[in-house]
Amino acid sequence: MQKFRFPKSERIKSRKQFEKTFIIGKKLSSINQLFRCSYLIEDFKGDPQFESNIKVAFAINRKSGKAVWRNRVKRILREIYRLNKLPLKEILVQKKKSLSFIIFSYKLNESTHKKISLKNFEKDIVELFENIKKEIESL
RNA sequence: GAAUUUUAAUUUUAAUUCUUCAAUCAAUUGGGGAGGAAAGUCCGAACUCCGUAGAGCAGAAUACCAGGUAAUGCCUGGGGGUUGACAAUGCAAAUUGUCAAUUACGGAAAGUGCAACAGAAAACAUACCGUUCCGAUUCACUUCGGAAUAAGGGUGAAAUGGCGGGGUAAGAGCCCACCAGCUCGGUAGUAAUACCGAGGCUUGGCAAACCCUAUUCGGAGCAAGGUCAAGUAAAGGAGAAAAUAAGUUCCGGUUCUUUACAGUAAACUUAUUACGAGGCUGCUCGUCUCGUCAUUACUCCAGGGUAGACCGCUCGAUUCCGAUGGUAACAUCGGAACUAGACAGAUGACUACCAUCUCAACAGGGAUACAGAAUUCGGCUUACUUAUUUCCCAU
RNA sequence: CGGAACGUGGCGCAGCCCGGUUAGCGCACCACUUUGGGGUAGUGGGGGUCGCGGGUUCAAAUCCCGCCGUUCCGA
């Protein structure tokens, strides 16, 4: 069960790191253009037991909806990440790399997606993860 | 955040064990964890800093009366107005009463201004059609001139109180009754106001037009403000204005020397006035600070760095219950409770069960509001679910 | 947290201060004329909840209040 946790060390906490991954990192978008992803792969030297080799953040545009709705989107994204992160982590340990990435909304709106659930977004995000995984494997 | 356990490292100790303090990684346990509007940011405060807040003008806000409150532009009660319903009176118009809703409700007899079109005239009134009298003219109808007249006509949102009677050449508050309005007096009420009486006989509307009157208002806001750590730059541009008096130091001159005298290249102190810059909201006064010839300092412009941690930060005009006072808002007293404090910013996934509605014989499926604290309170406004109450409309 | 501006035919703007007679202008659109045809030019025409809801007034795009949306500025 420990493997599915989502501790604080796996989140991007500082402003500098966030801006670095957002501006320098490569960009991917899902098939239906709802989400985009910005990610950055670096060499990892520390011990994976004490230091996390993966860092995540989720960002939703302020103009796309109201606060309650935005919070719910973020919760669902976190849940999807928590359930699907394992293959990514294994690859990273094998290749001795670290990954930091941000998932942000692109063409997602409260008016078009008023009622949202986990199943709506799971395919898009998992597809993004697989694309990143392929990129790491090719290195 | 708490407790327990584990790991690594440090300090104390001769060493081990034990104990203590601080920090980090991980695990386990059982707790706490968004709202009535957390929203909009429209008012009012608390708190914090800047600072003295002095005067006048300007500006902004508020505006029937009384009470409540920390305070308010909020709330409660009362009064007046408006609207609706019902009842009574009445031929009707309407009036009165009850109930409900609503109300930015000071001043139009301080001044200025505005009112399209229509109309004679839109405010010191005025004579278009009319009405009456007098004079002239004509055979007569008529026409012309002068005077009086707002009762009638038409226009308009609005026409100088309404309506009836008397009166008159025709008319007119010219006179009278009733109604409306104004002023004065009395009665009731804390007051707004209501009722009664008298007077004179009128004063149109718009201040959410300018304005006048009264009252209130120092500014900025938790990115307030404070502590610690880390770290960069001190570099660029622009700017204004001086004299006088006294004293001290130093330098030079005259003199044998001291004293004294004169001079001013330099530095400083004090005083006076002047000027400049800045602060005190915008302006004026007033006042305070600094400066007055300088690769200094000051002011302004432009620019650079940091944005990590902690405090502020949640016990408060707090919440709940009860009693007493008050028509009520609310107040006082007693008891009990502690109820988010984040910083990329908090509740998710799956399963089971319950309620309501719905598709539906059952089973099964679907749906179940508005919406997320950011220093904290009191209101207001807006969004919306369910329940209850009142009023209106329909059957 | 504090402050400011804007919303008018499909598009870009006037009009609002100081309320009034039919809400104008340019581009675009439609029809007709000119041409062998098209363009150009000319003539005529259609198209407006004046962001929404109240209020003041005889009368509101205009004045006042409350919402909604957009944009900008400062800390």
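Naming: A, B, ... by sequence-line order, numbering from 1 per chain. This one's a predicted model, so the numbers in the text were calculated from it and none came from an experiment.
- Taking atom NZ of residue K74(A) and atom P of nucleotide U347(B), one finds them 10 Å apart after rounding to whole Å.
- The two residues C37(A) and F101(A) come nearest to each other via the heavy atoms SG-CD1, 3.9 Å.
- A glycosidic torsion no more than 90° from 0 defines the syn conformation, and G36(B) adopts it.
- In this structure, U95(B) and A88(B) make a Watson-Crick or G-U wobble pair, each of the two defining distances being under 3.5 angstrom.
- U187(B): Watson-Crick or G-U partner is A194(B), with both key distances under 3.5 Å.
- Using a 4.5 Å heavy-atom cutoff, the side chains of K27(A) and Y39(A) are not in contact.
- The same atom, P, is picked in G365(B) and in C350(B); the two are 15 Å apart, to the nearest Å.
- For the C1' atom pair drawn from U351(B) and A223(B), the interatomic distance equals 47 Å after rounding to whole Å.
- The separation of G219(B) from A53(B), taken at their P atoms, amounts to 14 Å, rounded to a whole angstrom.
- Residue R75(A) places no side-chain atom within donor-acceptor reach of the base of G345(B), judged by atom type and a 3.5 Å distance cut-off alone.
- Atom C1' of A60(B) sits at a distance of 13 Å from the matching atom of G73(B), rounded to the whole Å.
- Nearest to the side-chain atoms of A57(A) among the listed nucleotides G348(B), A346(B), A344(B) stands A344(B).
- Annotation: A246(B) and U284(B) have their C1' atoms spaced 38 Å apart (nearest Å).
- Residues V126(A) and L77(A) fall into different hydrophobic clusters, defined by Ile, Leu, Val, Met, Phe, Trp and Tyr side chains chained together at heavy-atom separations under 4.5 Å.
- Across the P atoms, G171(B) and C86(B) are found 46 Å apart, a figure rounded to whole Å.
- Applying the Watson-Crick and G-U wobble criteria (two distances, each under 3.5 Å), U339(B) pairs with nothing in any strand.
- The base-pairing partner of A100(B), taking Watson-Crick or G-U wobble contacts with both distances under 3.5 Å, is U83(B).
- Base-pair partner of U13(B): not found among the strands shown (Watson-Crick or G-U wobble, both distances under 3.5 Å).
- Applying the Watson-Crick and G-U wobble criteria (two distances, each under 3.5 Å), U332(B) pairs with A323(B).
- For the P atom pair drawn from C182(B) and A192(B), the interatomic distance equals 15 Å after rounding to whole Å.
- Each of I76(A) and W69(A) was matched to the nucleotide of RNA chain B holding its nearest heavy atom; the match closer to the 5' end belongs to I76(A).
- Base pairing analysis places G276(B) opposite C290(B); the two distances defining the Watson-Crick or G-U wobble pair are each below 3.5 Å.
- With RNA chain B read from its 5' end, the first of the two nearest nucleotides for K66(A) and V56(A) is the one closest to V56(A).
- Annotation for K26(A): atom NZ does not count as buried by contact number, only 12 or fewer foreign heavy atoms lying within 6.0 Å.
- Base orientation of U314(B): syn (glycosidic angle within 90° of 0).
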Checklist entry - Could you walk me through whether F35(A) and I125(A) pass the side-chain contact (heavy atoms from CB on, under 4.5 Å) check? => result CA-CA 8 Å; F35(A) 296 99; I125(A) 305 299; 4.0 Å; yes

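- Summarising the geometry, atom CG belonging to L128(A) is positioned 14.5 Å from atom NZ belonging to K133(A); distances are rounded to the nearest 0.5 Å.
- The side chain of R72(A) sits closest to G348(B) out of G348(B), G372(B), A346(B).
- U29(B) shows a glycosidic angle more than 90° from 0 and is accordingly assigned anti.
- Closest to the side chain of R78(A), out of A346(B), A371(B), A349(B), is A346(B).
- The separation between E79(A) atom CD and A346(B) atom P is 15 Å, rounded to whole Å.
- Within the 4.5 Å cutoff, the side chain of V68(A) has no heavy atoms near those of the R72(A) side chain.
- Remark: C370(B) base-pairs with G35(B); criterion is Watson-Crick or G-U wobble with both hydrogen-bond distances under 3.5 Å.
- Within 4.0 Å of R70(A), counting heavy atoms only, lies no atom of the nucleic acid at all.
- Annotation: G185(B) and U96(B) have their P atoms spaced 28 Å apart (nearest Å).
- OP1 or OP2 of A346(B) lies within a sub-4.0 Å distance of a side-chain N or O belonging to N71(A).
- Shown here, A34(B) is classed syn by the O4'-C1'-N9-C4 or O4'-C1'-N1-C2 angle, which is within 90° of 0.
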